[in-house]
Amino acid sequence: MDNEADVFYRELPKVELHAHLNGSVSVRTMEKLISRKPHLNVEHSMTAIGKGQRRTLDECFQVFKVIHQLVDTEEDILMVATDVIREFAADGVRYLELRSTPREGINTGLTKKRYVETVINAIQQCKNEGVDIDVRFLVAIDRRNGTEVAMETVKLAEEFLLSSDGLVVGLDLSGDPKVGHAKDLLPALHKAKNCGLKLSLHLSEVPAQQEESDLLLNLPPDRIGHGTFLHPEVGGSQSLVDKVLKNNIPLELCLTSNIKGQTVPCYSKHHFKYWYQLGHPSVICTDDKGVFCTDLSQEYQLAATTFGLSREAVWKLSQQAIDCIFAPETMKKQLKQKWTDLQHQVFQ
Ligand code: IMP
Ligand code: ZN
């Protein structure tokens, strides 16, 4: 990790809504994975982007390729998922929505169904161990894989929506934003919505995607990942912004990810400012805490120092994220109570 956040930010109870499982693997877990597969000759520099370093988005996607080679069996997925959940809990995250793209393997016998079951097992294992965090799962569609795979993924997610005891709550659309077009995925996304899956879509992550963003916003999604180029100042448009505002669609904002992935030039120019000033629901998230060497406490601290937020404003920001979760009202109520119980301790 680049830096450790101050106590206030670590003790602040937090909600994490945008975390890709394989992008969230810590150095410690990575060491275990590398020692399991020494023949791959992977070095840490190939799986993480350290302090002051930047990569193009294309290079970031190369990093995921390396990590996917290291995480390709049920045992790997179980270890990675349990470690990631425990780490988020240790960082003060009290509610986590983890997302991941189901993969299969000819050599390992892994199936996409088993992949999802394994993540669910990891969530249940952590619950049974008494780890202080509630976790839900979003099944991810990788936009690179096209129409048919997207439809299969929705069917898989629907199956688990009905059978996972409420642990699978929705669908994520992610993957290299420069590959494929969302219009090919619309039938799958409509189907997902109709069967009750919540939708969190990566949207306008790179410039010049107004047409695609407009199509996706018409669904409408339940949350937006990044939305970096939606507003007019960066080449988006007022009509896109109006659609987001009209439907009150929360944004998941990942500062360090956008800086290190070079879609935003520096922290002070992050679009958090634009949406926060509008009073629009904006949730600070990590995206890929392992790859970008960060954690949620640090991201809150960075937002606070960059944009001059008081501790009270930071508290409100973390508290308001509760209203943006995909789990039902009962969970929101429980979390709000937890925040109330912790407030005195955090501010003392
Ligand atoms: P996984 O789905 O758990 O394997 O996590 C890694 C995957 O998440 C990558 O292969 C991408 O498909 C997706 N991902 C992670 N970060 C980003 C991002 O910033 N933009 C788009 N997709 C991403
Ligand atoms: Zn993402």
Side-chain angles (χ1 to χ4, degrees), residues 16-26 29-30 33 47-49 54-73 76-81 83-85 96-105 110 112 115-116 118-119 122-123 135 137-146 149-150 153 156-157 170-180 182 185 199-206 209 212 216 221 223-229 251-264 283-294 296 299:
E16 168 66 83
L17 299 182
H18 189 136
H20 299 270
L21 178 62
N22 286 298
S24 302
V25 183
S26 64
T29 307
M30 205 50 88
L33 290 165
T47 61
I49 305 167
R54 285 168 187 221
R55 296 278 193 280
T56 61
L57 263 196
D58 289 342
E59 288 165 340
C60 293
F61 284 103
Q62 290 302 319
V63 173
F64 293 122
K65 263 194 194 154
V66 177
I67 299 173
H68 284 160
Q69 284 185 302
L70 286 167
V71 185
D72 69 343
T73 67
D76 298 334
I77 297 160
L78 186 70
M79 177 178 78
V80 163
D83 281 3
V84 164
I85 292 169
L96 163 68
E97 281 175 21
L98 211 48
R99 56 185 77 190
S100 194
T101 325
R103 281 177 291 131
E104 56 199 352
L110 181 69
K112 291 184 179 183
Y115 188 105
V116 178
T118 308
V119 177
I123 296 172
V135 186
F137 186 53
L138 310 182
V139 182
I141 292 178
D142 185 332
R143 51 184 290 148
R144 287 169 284 199
N145 298 333
V149 175
T153 309
L156 188 69
L171 201 77
D172 155 67
L173 172 65
S174 54
D176 189 338
K178 291 186 209 135
V179 181
L185 309 172
L199 295 185
S200 168
L201 309 180
H202 283 61
L203 201 144
S204 277
E205 190 179 355
V206 291
Q209 293 195 321
E212 180 183 283
L216 291 174
R223 288 198 314 252
I224 292 168
H226 302 301
T228 315
F229 295 93
L251 268 86
E252 304 154 357
L253 301 176
C254 315
L255 279 74
T256 298
S257 162
N258 296 155
I259 309 304
K260 288 192 173 177
Q262 296 187 11
T263 52
V264 172
V283 185
I284 302 275
C285 301
T286 53
D287 208 9
D288 299 290
K289 74 173 179 64
V291 171
F292 297 117
C293 306
T294 189
L296 195 54
E299 295 301 301

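Predicted model only: the values in this text are computed from it and were never measured. Every heavy atom of this structure was used, including side-chain atoms; hydrogens, water molecules and symmetry mates were not. Ligands are counted one by one from 1 in listed order, and the atoms in each one are counted from 1 as well.
For Asp287, the nearest N, O or S atom to the Zn ion (ligand 2) falls under 2.8 Å.
Side chains of Glu205 and Thr263: a donor-acceptor N/O pair is absent below 3.5 angstrom, by distance only. Counted by atom type alone, His202 and Asp172 present one or more donor-acceptor pairs between their side chains at under 3.5 Å.
A donor-acceptor pair is defined here as one N or O able to donate and one able to accept, closer than 3.5 Å; such a pair exists between the side chain of Lys289 and the backbone of Ser24. Checked by atom type and distance alone, the side chain of Arg99 never pairs as donor or acceptor with a backbone atom of Ala140 at under 3.5 Å.
In terms of polar-atom proximity, defined here as any N/O pair under 3.5 Å, Gly175 does make such a contact with ligand 1. Residue Asp288 has at least one N or O atom closer than 3.5 Å to an N or O atom of ligand 1.
Against a heavy-atom cut-off of under 4.0 Å, Leu21 is close to the following atoms of ligand 1: 3 (O). Of all atoms in ligand 1, numbered sequentially from 1 with element shown, those under 4.0 Å from a heavy atom of His226 are 19 (O).
Distances from atom 1 (P) of ligand 1 to the heavy atoms of Asn22, Ile77, Ile141, Asp142 show the closest one on Asn22.
Looking at Asp287 against ligand 1, only its side chain comes within 4.0 Å, counting heavy atoms. Contact annotation: for Arg144 versus ligand 1, heavy atoms closer than 4.0 Å belong to the side chain alone. Both the backbone and the side chain of Ser100 come within 4.0 Å of ligand 1, judged by heavy-atom distances.
Shortest contact from atom 11 (C) of ligand 1 to any protein heavy atom: Phe61 CE2, 3.8 Å. In terms of protein heavy atoms, atom 18 (C) of ligand 1 is closest to Glu205 OE2, 3.3 Å. Given atom 2 (O) of ligand 1, the protein heavy atom at minimum distance is Thr101 OG1, 2.7 Å.
Its N, O or S atom nearest to the Zn ion (ligand 2) is what matters here, and for His20 that atom is NE2.
The shell of residues lying under 4.0 angstrom from ligand 1, judged by heavy atoms, includes His68.
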